[in-house]
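Input: a single structure, listed below in structure tokens.
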Amino acid sequence: EPVRSGQQIYAEDSDLIVLAAVSPGAEVIADGCVHVYGPLRGRAIAGARGDQSARVFARRFEAELVAVAGIYTVAEQIQGSPRGEAAQALLRDGKLSIETLGS
């Protein structure tokens, strides 16, 4: 089922896999990685307990906010991002990086 606006889903001590859309205003959080196999339009937080190797994967990246291990960015700050494409967010040298995934 889609994650609707106002909903929050938290995966404690594990990854979170969402097979549908994450709507604007919805939040998906995991101590591990977050995988969204639909459009990610809401907020996604991976590594909620500080796991710096965690990642956020989205089939269609349109996130309002994305964070890994407490390092975050919002849509307005993401420049040159793969908006609307398959992408991942991860930490590189302590900085949040958003990269296109190969098809």
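A quick note: this is a predicted structure, and the numbers were derived from the prediction, not measured. The first residue of the sequence shown is numbered 1, and numbering continues consecutively from there.
D31 contributes atom CG, which lies 6.0 Å from atom CD of E12 (distance to the nearest 0.5 angstrom). Here CD of Q88 is found 9.5 Å from SG of C33. Values are rounded to the nearest 0.5 Å. We find the CD-OG distance between Q7 and S23 to be 8.0 Å, quoted to the nearest 0.5 Å.
Minimum heavy-atom separation, V36 to A20: CG1-O, 3.7 Å. Of all non-hydrogen atoms in G47 and A54, the two that sit nearest each other are N-CB, 3.4 Å. In this structure, V3 and V28 approach most closely via the heavy-atom pair CG2-CG1, 4.2 Å.
At most 12 non-hydrogen atoms from other residues, nucleotides or ligands lie less than 6.0 angstrom from CD of Q52.
Under a hydrophobic-cluster definition in which Ile, Leu, Val, Met, Phe, Trp and Tyr are linked whenever side-chain heavy atoms come within less than 4.5 Å, directly or via other members, V34 and I45 are assigned to different clusters.
Between I29 and L16, the closest side-chain pair of non-hydrogen atoms is not below 4.5 Å. Taking the side chain as every heavy atom from C-beta outward, L96 and L91 approach each other to under 4.5 Å. The closest side-chain heavy-atom distance from I98 to V66 is below 4.5 Å. Residues D13 and R49 have side chains in contact (heavy-atom distance under 4.5 Å, counting atoms from C-beta outward). Counting heavy atoms from C-beta on, the side chains of R92 and E99 come closer than 4.5 Å.
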Side chain to side chain contact (heavy atoms under 4.5 Å, CB included) evaluation trace for V18 with Y37: CA-CA 6 Å; V18 179; Y37 292 107; over 6 Å; no
- request: Determine, stepwise, if the pair D15 / H35 fulfils side chain to side chain contact (heavy atoms under 4.5 Å, CB included).
  value: CA-CA 8 Å; D15 290 355; H35 304 258; 3.8 Å; yes
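Using modelled atom types, one side-chain atom of S5 and one backbone atom of P24 make a donor-acceptor pair closer than 3.5 Å.
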Cut-off 3.5 Å, no hydrogens considered: what does the side-chain donor-acceptor table look like for residues 56-65, sequence neighbours left out?
unit_1	atom_1	unit_2	atom_2	d
R60	NE	E62	OE2	2.7
E62	OE1	R41	NE	3.0
E64	OE1	G25	N	3.2
E64	OE1	R43	NH1	3.2
E64	OE2	G25	N	3.2

